[in-house]
Amino acid sequence: MSLHGGGRGQETARRALEITAAGGHNLLMCGPPGSGKSLLASCLPGILPPLAPAEALETSMIHSLAGTLPEGGLLTQRPFRDPHHSASLPALIGGGAKARPGEIALAHHGVLFLDELPEFARATLESLRQPLESGKVLVARVNHHVTYPARFQLVAAMNPCRCGYLGDAGRECSRAPRCAADYQAKMSGPLLDRFDLRVDVAPVSISDLQANASGEPSAAVAARVARARDIQIARGRGLNAHLSGAALEEGVILQPEAKTLLGQAAERLQLSARGYHRLLRVARTIADLDGGAEIVGTAHVAEALSYRQAQG
């Protein structure tokens with residue numbers, strides 16, 4: 001699946017997907033059923049660069065342990081794992097008699113896509129928090145304690161409420177807007193705080209479906225993503241999504257106006273330190289897509305902020 005011809009009329013969501021790919025960020029998409037969230041997520045592997053040799057070896061070893069390595073050699077494409085929302089905690093974390101890797105480890109150097117995010121069990125979702133920060137997951141059993149690498153991108157999709165049609169006067173349920181609050185409350189604040197970008201995905205209109213324009217080819221987007229990643233790798237600190245707070249403070253140069261905007265936004269939105277740093281990481285990625293601009297400007301911060309404000 002590619003971005004070419006897919007997700008037409010979803011320019012904001014497609015732009016968020018490009019930023020997600022370029023910086024290794026986590027993305028949350030919210031929209032009614034049929035708006036194209038799953039389609040957009042499935043396009044992400046098509047704009048990510050192939051696995052580097054060391055990444056391919058490490059990822060293939062994990063899949064070999066799980067018995068999911070395709071016959072014929074090493075993996076070359078980044079994994080895309082999309083477990084159903086009924087998946088158990090051991091299915092995500094790993095387990096069994098031999099402490100085999102779960103979906104989190106199988107998504108190493110790739111993407112873990114969780115569709116219908118609030119439908120997952122609360123404990124299952126909370127189990128993602130530590131691996132998202134550390135890049136590894138511990139599978140503990142009576143006779144086995146195994147740590148697997150788990151540096152993955154989390155991409156998730158959800159409806160705005162259980163019925164899915166919040167804001168549509170002709171289709172929303174009688175409990176709106178309370179149903180939305182109850183539905184979204186199934187996810188904790190700390191988990192939501194770990195999404196670098198949040199975007200509302202609107203339904204594709206009939207005019208967009210009938211438009212002649214077929215959208216930008218995935219190859220063009222993938223080329224921009226590759227250039228932005230090369231810029232990050234050349235700095236010697238890894239992808240922007242993984243930069244520590246100290247690395248951000250030291251390595252990200254802000255325009256004075258951009259610094260003022262960032263400070264005002266952090267205060268108005270009452271961002272945690274984690275949220276502030278995530279906003280800064282996204283702004284750095286947007287600047288890297290903008291030709292690798294050395295100084296992060298107001299436009300870069302403003303766009304990053306627009307993805308942070310989605311979902312409230």
Heavy-atom count check: over 12 atoms from other residues, nucleotides or ligands less than 6.0 Å from E294 CD? no
Heavy-atom side-chain contact between [X] and [Y] under 4.5 Å:
{"X": "F195", "Y": "L154", "value": "yes"}
{"X": "I19", "Y": "I286", "value": "yes"}
{"X": "E18", "Y": "L44", "value": "no"}
{"X": "F113", "Y": "K37", "value": "no"}
{"X": "L17", "Y": "L27", "value": "yes"}

State plainly whether one hydrophobic cluster holds both M158 and L112, where clusters connect Ile, Leu, Val, Met, Phe, Trp and Tyr through side-chain heavy atoms under 4.5 angstrom apart. yes
Would V282 end up clustered with V201 when hydrophobic side chains under 4.5 Å apart are linked, directly or stepwise? yes
Any donor and acceptor pair, going by atom type alone, linking the side chain of Q10 with main-chain N or O of A202 inside 3.5 Å? yes
So, the side chain of S306 versus the backbone of E303: is there a donor-acceptor pair under 3.5 Å, distance only? yes
List the steps, then state whether side-chain contact (heavy atoms from CB on, under 4.5 Å) holds for R122 with S188. CA-CA 8 Å; R122 179 70 175 258; S188 70; 3.4 Å; yes
Check the orientation of F120 and H85. Use parallel for under 30°, tilted for 30 to 60°, and perpendicular for over 60°. perpendicular
Report yes or no: do [X] and [Y] form a side-chain donor-acceptor pair below 3.5 Å?
{"X": "H109", "Y": "E58", "result": "yes"}
{"X": "E55", "Y": "T59", "result": "no"}
{"X": "H300", "Y": "D290", "result": "yes"}

Using side-chain contact (heavy atoms from CB on, under 4.5 Å), reason through L279 and L271 one step at a time and then give a plain yes or no. CA-CA 9 Å; L279 181 59; L271 293 179; 4.0 Å; yes
Before you tell me yes or no, could you show the steps for Q153 and T20 under side chain to side chain donor-acceptor pair (under 3.5 Å), namely the whole-Å CA-CA distance, both residues' side-chain angles and the distance that decides it to 0.1 Å? CA-CA 8 Å; Q153 288 183 251; T20 295; 5.5 Å; no
Under 4.0 Å between a side-chain nitrogen and a carboxylate oxygen: does that hold for R308 and D193? yes
Closest approach of S60 and L75, non-hydrogen atoms and distance? OG-N, 2.8 Å
Among H277, R281, R278, side-chain hydrogen bond (donor to acceptor under 3.5 Å, both in side chains) partner for D196: R278
